[in-house]
2 protein chains.
Amino acid sequence: MFLELDMAGDKPIYVQLKEQIIEGIARGSLRPGDDLPSVRALAADIGINLHTVNKVYQQLRQEGYIQIHRSRGVMIHPDGFLKADKTYRTNLKATLRPLIAEAIVHDFSAEEFARLSQEVYEQILTKEGGEDE
Amino acid sequence: MFLELDMAGDKPIYVQLKEQIIEGIARGSLRPGDDLPSVRALAADIGINLHTVNKVYQQLRQEGYIQIHRSRGVMIHPDGFLKADKTYRTNLKATLRPLIAEAIVHDFSAEEFARLSQEVYEQILTKEGGEDE
DNA sequence: TTTCTGTTATATTAGTAGTATAACAGACAA
DNA sequence: TTGTCTGTTATACTACTAATATAACAGAAA
C-alpha cells in the first residue's frame with residue numbers, strides 16, 4: 001500500500017493509518033469493493049501491532065467506510081459515497097469552528113479560507129503529497 | 001467570562017479553554033490589550049487546577065495570542081492580528097487535509113465545503129453558539 | 001483438517017491530562 | 001519593610017489512552 005507512518009510524531013499511528021485509508025478512498029486509490037489486507041497482514045507489513053490495525057478497522061466500519069466479514073476479510077464499502085447527513089454536517093462544523101476562529105485572528109477572510117481549502121482539495125484529488133507548494 | 005467547559009466529554013479541558021479564548025479574540029469579546037484573569041483566579045473561577053490554566057496561557061503566549069508579564073499578569077497581545085505566515089498556512093493545510101478527504105468521501109464538493117465554512121465563519125462573528133441551525 | 005479470517009481476553013509499558021501541595025521570585029502598594 | 005499580588009518551578013499521585021505482546025476462540029473455505 002501507500003502508507004507512510006511517522007512513528008515519532010505526536011499524532012497516534014492509529015489515527016494516521018485511519019486518515020490515510022480515508023484519503024486513499026477519497027482520491028480513488030481504494031475503490032468500492034476493493035479488498036483491504038487482513039489485520040495481521042497489514043500489521044506485519046507496516047511493522048505495528050495487530051490490535052492497532054484492528055482498532056482502525058473497527059472505527060472505519062462503524063463510520064461506514066468499510067465492511068468486515070468474519071472470515072472473508074475486509075473490503076471498502078461497496079455502496080460508494082457515504083451519506084452526508086445532518087450528524088455529519090454538525091460534527092464537521094464543530095470541528096471546523098476552532099480552526100476558523102484561529103484563522104480569523106490571523107486575519108483570514110472567509111474567501112481566503114475557502115481558497116486554501118480549494119488548494120487542499122486539489123492536492124488530494126491530484127494525489128500530491130502535503131509537502132506544500 | 002463566557003466559558004463553558006464540558007468536564008465529561010472527550011476533549012481535554014485545557015484544549016477547550018484554549019479554543020474558547022481564541023474564539024473570544026476572534027469575535028472581539030477579548031480585545032488587544034485586555035487583561036485576562038490570573039492563573040489562580042481563572043482556575044478558581046471555573047473550578048480547575050492552576051496548572052491547567054497555566055498550560056493554556058503558556059501555549060497561547062508561544063503562539064502569539066497573549067503577553068505574560070512576571071508580576072503584572074496576562075493580557076491579550078496588543079498588536080492585534082497575528083501574522084499568517086507560511087508556517088501557519090502549512091499547518092492549517094495539514095490540519096484540513098484529513099477533514100477534506102472525509103468530506104470528499106461524503107460527496108461534498110469544494111463549493112459545499114466552502115459554503116459550510118462560511119456558515120461557521122458567520123456563527124463565530126455573530127456570536128452564535130454552535131448548537132447548529 | 002488445515003489454514004485462513006476477525007474477535008476477545010489479559011497484561012505490560014510509556015505517555016498525557018489533571019489534580020494537589022508547596023515553595024520560589026519579581027513587583028508593587030500600604 | 002512587609003504583605004500580597006503576579007507567574008514559575010518542582011514533586012507526586014491518579015486515571016486514562018496508545019501501543020505492544022501473547023494467547024486463545026470461532027467462523028468459513030480450500
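From a predicted model like this one, the values you see are computed outputs, not experimental measurements. Throughout, a chain's letter reflects where its sequence line sits, starting with A, and its residues are numbered from 1. These values consider heavy atoms only, across backbone and side chains, with no hydrogens, waters or symmetry-generated copies.
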Rounding to an integer number of Å, can you tell me how far [X] [atom1] sits from [N] [atom2]?
X: B/Ile46; N: C/dT19; atom1: CD1; atom2: C1'; result: 14 Å
X: A/Met7; N: D/dT20; atom1: CE; atom2: C1'; result: 11 Å
X: B/Gln67; N: D/dT6; atom1: CD; atom2: P; result: 18 Å
X: A/Ile13; N: D/dT17; atom1: CD1; atom2: P; result: 17 Å
X: B/Asn49; N: D/dA10; atom1: CG; atom2: P; result: 17 Å
X: B/Lys18; N: C/dG18; atom1: NZ; atom2: P; result: 13 Å
X: A/Asp10; N: C/dA17; atom1: CG; atom2: P; result: 10 Å

- Pairs satisfying salt bridge (Lys or Arg N to Asp or Glu O under 4.0 Å), at least one member in residues 44-72 of chain A, at least two apart: A/Lys18-A/Glu63

- Using a 4.0 Å cut-off on protein heavy atoms (strictly under), produce a 5'-to-3' string for nucleotides 1-7 of chain C with B for base contact, S for backbone-only sugar-phosphate contact, and - for none. ----BBB

- Salt-bridge criterion met for A/Glu19 and A/Lys11 (N-O under 4.0 Å): yes

- Message: Using a strict threshold of under 4.0 Å (side-chain N to carboxylate O), is an ion pair present between A/Glu23 and A/Arg27?
- Response: yes

- Task: Please state whether the phosphate of C/dA17, meaning OP1 or OP2, lies under 4.0 angstrom from any side-chain nitrogen or oxygen of B/Thr52.
- Result: no

- Task: Ignoring backbone atoms, establish whether A/Lys55 has a side-chain N or O less than 4.0 Å from OP1 or OP2 of D/dA18.
- Result: yes

- Message: Taking the ring of A/His106 and the ring of B/Tyr88, is the distance between their centroids below 6.0 Å?
- Response: yes

- Item | Donor-acceptor pair between A/Glu119 and A/Gln123 side chains, under 3.5 angstrom | no

- Message: Can you see whether A/Glu122 engages A/Gln118 through a side-chain donor-acceptor pair at a distance of less than 3.5 angstrom?
- Response: yes

- From the list C/dT19, C/dG18, C/dA9, which nucleotide is the closest neighbour of the side chain of B/Tyr14? C/dG18

- At what distance, to the nearest 0.5 angstrom, does CD1 of A/Ile25 lie from OH of A/Tyr65? 7.5 Å

- Do A/His51 and C/dA9 have a side chain to base donor-acceptor pair shorter than 3.5 Å? yes

